[in-house]
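What follows is a single structure, written as structure tokens, with notes after it.
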Amino acid sequence: MRTYENFIAGEWVAARSGKTFQNTNPADTREVVAQYPLSAREDALAAIAAAQAAAPGWAATTPPARGRVLSKASQILESRKAELAQLLTREEGKTLPEATGEVQRAADILRFFGGISYTLGGQTLPHDLPGNLLFTRREPLGVVGLITPWNFPIAIPAWKMAPALLAGNAVVLKPASQAPAMALELAKVLAEAGLPKGVLNVVTGEGRAVGGELAANPAIAALSFTGSYKIGHQLHQVLSQRMARSQMEMGGKNPTLVLADADLDLAARLVAIAGFGLTGQACTATSRVIIEKSVAEAFMQKLVEKAKAIKVGNGLHDGVTMGPAVNEQEFNGNLEYIGIAQKEGATLIHGGKRLTAGDLAHGFFMEPAILGNVTPTMRIALEEVFGPVVAVMPVENFDEAIAVANGVDVGLSASIVTRDIKKAMTYAERIQSGVVKINQISTGLALQAPFGGVKKSSTDTFKEQGSGAIDFYTRVKTVYLDYSA
Ligand code: NAP
């Protein structure tokens, strides 16, 4: 078992109360993975004070100097990839290849923002009069708060932290209690890369006490949150009350449309990866397949074959392609949703049962589930499940497919499988979604491209990722200079 402490003012410290909590391995709950401080408001206040003290010094450094720290951190992180991926799998449950990919992604994000440090500038504009200069400066906000979920415990902290730090802000991060190890390891890596004390602070513990303080405290100029709509909505209210900048990135109910002309082998492969990969615990996971009736049966057979080929088990073991649900609550939620769908008239076509053979009895394992005959008003068609459960919804035609796809109150990622370029582009125009994938999985993002949802998936004012991620973490000042006299 590892023992972690909070990272405040460059020091590793226990919660002031001395209280701790432990996390167990979702693949084998007999194993305690790590122990963390069960922090309270007083610990959040200490972290905010440390960030306030460090912010002016960090803001006074140049973007290339800050970028060098991020680039160095990228190298250190990459050199520790194998060890951290093991730990990530043991704490969150995703398979080792998935965890290795995620640690690499975090290293790439740090490298990307290290690189663009040389381009972090303002704009020069033509002035109406000769002998005048008109330009903008990008300035940091001061202290920013970050609150992250458990499902990408290193990629999401990295994709918020890197632009925040590059912009010259000091940061207080509150990672999800289910998987805080990676955020604390990132802090270790950044400290080793030369980040000054107090510029990054990480506090673990109860969401309401620590995260709530980050939303309410007037010293926090902006808060970027990724997680559930329920919490994101609450935090946004608190932030808007005090007119602080708010970036809330929340859940999805992501559709993959399969049109009659599609390559059905490709469609089944894409849905199996995007629906069951990462145990369905991705905000961009495919949870609805909206398919033209004429090909529904043929597609279903192929998807069932793909689901049968998935090897469920401990993500550290060779050949395992799907790990456990992250905890008992999520696991029970998945099974409950399958039951609710059946009660509402859906047919369980495949899977959906708990797996208990041998060592599997000690983890939260289930077969990937496929539900058929799902109609647009069923709860399974409207609410995020966040597990390996795919609902197949037959429709008459393309227009109905788009109407069904848009008939939810969220919009994060949306795929289509078709050979018809006109329909693909029409979909890209008409779908209410932040990301559109054509003949690709709904999961998987390019770190250099903007990411964010629409409707209840996001506050939708700033995008994350790509160079535009900097916008949330900076303010623009306009300077008028007259040198004509
Ligand atoms: P969650 O329950 O909303 O928790 C997210 C974070 O908020 C955690 O750090 C949590 O801390 C904290 N928190 C909980 N209650 C709080 C409160 N009252 N005040 C302040 N902070 C509080 O979400 P989750 O279960 O970790 O993550 C799953 C959700 O995230 C899904 O809906 C998924 O779709 C979404 N997600 C979205 C994206 C995206 O980019 N759009 C990406 C990944 C995931 P504790 O852990 O201590 O409770």
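Just so you know, these numbers use all the heavy atoms, side chains as well, and skip hydrogens, waters and symmetry mates. For ligands, and for the atoms within them, numbers begin at 1 and follow the listed sequence.
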For this session: Answer yes when R2 and E185 have at least one side-chain N-carboxylate O distance shorter than 4.0 Å, and no when they do not.
Result: yes
Seminar exercise, completed: Nearest non-hydrogen protein atom to atom 42 (C) of ligand 1, with distance, is C283 SG, 2.9 Å
Exercise. Do E91 and N23 have a side chain donor and acceptor closer than 3.5 Å?
Worked result: yes
Exercise. Nearest protein heavy-atom contact for atom 19 (N) of ligand 1: which residue, which atom, what distance?
Worked result: G207 O, 3.5 Å
Exercise. Taking both backbone and side-chain atoms of M250, is any N or O found less than 3.5 Å from an N or O belonging to ligand 1?
Worked result: yes
Exercise. Backbone N or O of L278 within a donor-acceptor pair of the E98 side chain at under 3.5 Å?
Worked result: yes
Problem set entry | Which residue and heavy atom of the protein sit nearest atom 12 (C) of ligand 1, plus the separation | I147 CG2, 3.7 Å
For this session: Quick one: look up the protein heavy atom nearest atom 31 (C) of ligand 1 and list residue, atom name and how far away it is.
Result: E384 OE1, 3.4 Å
Exercise. If you measure only the distance, is there a donor-acceptor pair under 3.5 Å linking the side chains of Q104 and D108?
Worked result: yes
Exercise. Got a sec, which pairs hit ring pair (Phe, Tyr, Trp, His ring centres under 6.0 Å) with one end in residues 364-387, sequence neighbours left out?
Worked result: W150-F386
Problem set entry | F386 to ligand 1, any heavy atom closer than 4.0 Å | yes
For this session: Walk me through it: do R138 and D471 pass the test salt bridge (Lys or Arg N to Asp or Glu O under 4.0 Å)?
Result: CA-CA 9 Å; R138 263 186 193 279; D471 291 344; 2.8 Å; yes
For this session: For T226 and E249, test the side chains for any donor-to-acceptor distance below 3.5 angstrom and give the result as yes or no.
Result: no
Exercise. Can T284 and K437 be said to form a side-chain hydrogen bond (donor to acceptor under 3.5 Å, both in side chains), step by step?
Worked result: CA-CA 11 Å; T284 50; K437 298 284 202 85; over 6 Å; no
Exercise. Can you tell which part of E464 has a heavy atom less than 4.0 Å from ligand 1: side chain, backbone, both or neither?
Worked result: neither
For this session: Mark whether atom 4 (O) of ligand 1 lies under 4.0 angstrom from at least one protein heavy atom.
Result: no
Seminar exercise, completed: protein heavy-atom neighbour closest to atom 29 (C) of ligand 1 works out as G227 C, 3.5 Å
For this session: Would you mind checking if K188 and E83 are paired as a salt bridge, meaning a charged N to carboxylate O distance below 4.0 Å?
Result: no
Exercise. Is the closest heavy-atom distance from P175 to ligand 1 below 4.0 Å?
Worked result: yes
Problem set entry | Proximity flag V210 to ligand 1, non-hydrogen atoms under 4.0 Å | no
Exercise. Any N/O of K174 closer than 3.5 Å to an N/O of ligand 1?
Worked result: yes
For this session: Could you list the atoms of ligand 1 found under 4.0 angstrom from a heavy atom of G251?
Result: 32 (O), 34 (O)
Exercise. Is it true that atom CD of Q329 has more than 12 heavy atoms of other residues, nucleotides or ligands lying nearer than 6.0 Å?
Worked result: no
Problem set entry | Distance from atom 23 (O) of ligand 1 to nearest protein heavy atom, with residue and atom | S228 N, 3.4 Å
For this session: Would you mind listing which atoms of ligand 1 come within a distance below 4.0 Å of any non-hydrogen atom of T148?
Result: 6 (C), 8 (C), 9 (O)
Exercise. Below 4.5 Å, heavy atoms only, C-beta onward: do T3 and M1 meet side chain to side chain?
Worked result: yes
Problem set entry | For Q234, the ligand 1 atoms whose distance to one of its heavy atoms is below 4.0 Å | 18 (N)
Exercise. Any donor-acceptor pair under 3.5 Å linking the side chain of N314 with the backbone of A27?
Worked result: no
Exercise. Polar-atom distance check: W150 versus ligand 1, any N or O pair below 3.5 Å?
Worked result: yes
Exercise. Would you say G205 has any N or O atom under 3.5 Å from an N or O of ligand 1, going by distance alone?
Worked result: yes
Exercise. With only distance considered, is S457 within less than 3.5 Å of ligand 1 through an N or O on each side?
Worked result: no
Exercise. Partners of F472 by ring pair (Phe, Tyr, Trp, His ring centres under 6.0 Å), sequence neighbours excluded?
Worked result: F462
Exercise. To the nearest 0.1 Å, how far is atom 40 (O) of ligand 1 from its closest protein heavy atom, and which atom is that?
Worked result: F451 CE2, 3.2 Å
Exercise. With a 4.0 Å cut-off, would you call E78 and R111 a salt bridge?
Worked result: no
Exercise. How does L412 reach ligand 1, by side chain, by backbone, by both or by neither, if only non-hydrogen atoms under 4.0 Å count?
Worked result: side chain
Seminar exercise, completed: Among non-hydrogen protein atoms, atom 27 (O) of ligand 1 lies closest to P149 CB, 3.4 Å
Exercise. Are F225 and ligand 1 in contact, using a heavy-atom cut-off of under 4.0 Å?
Worked result: yes
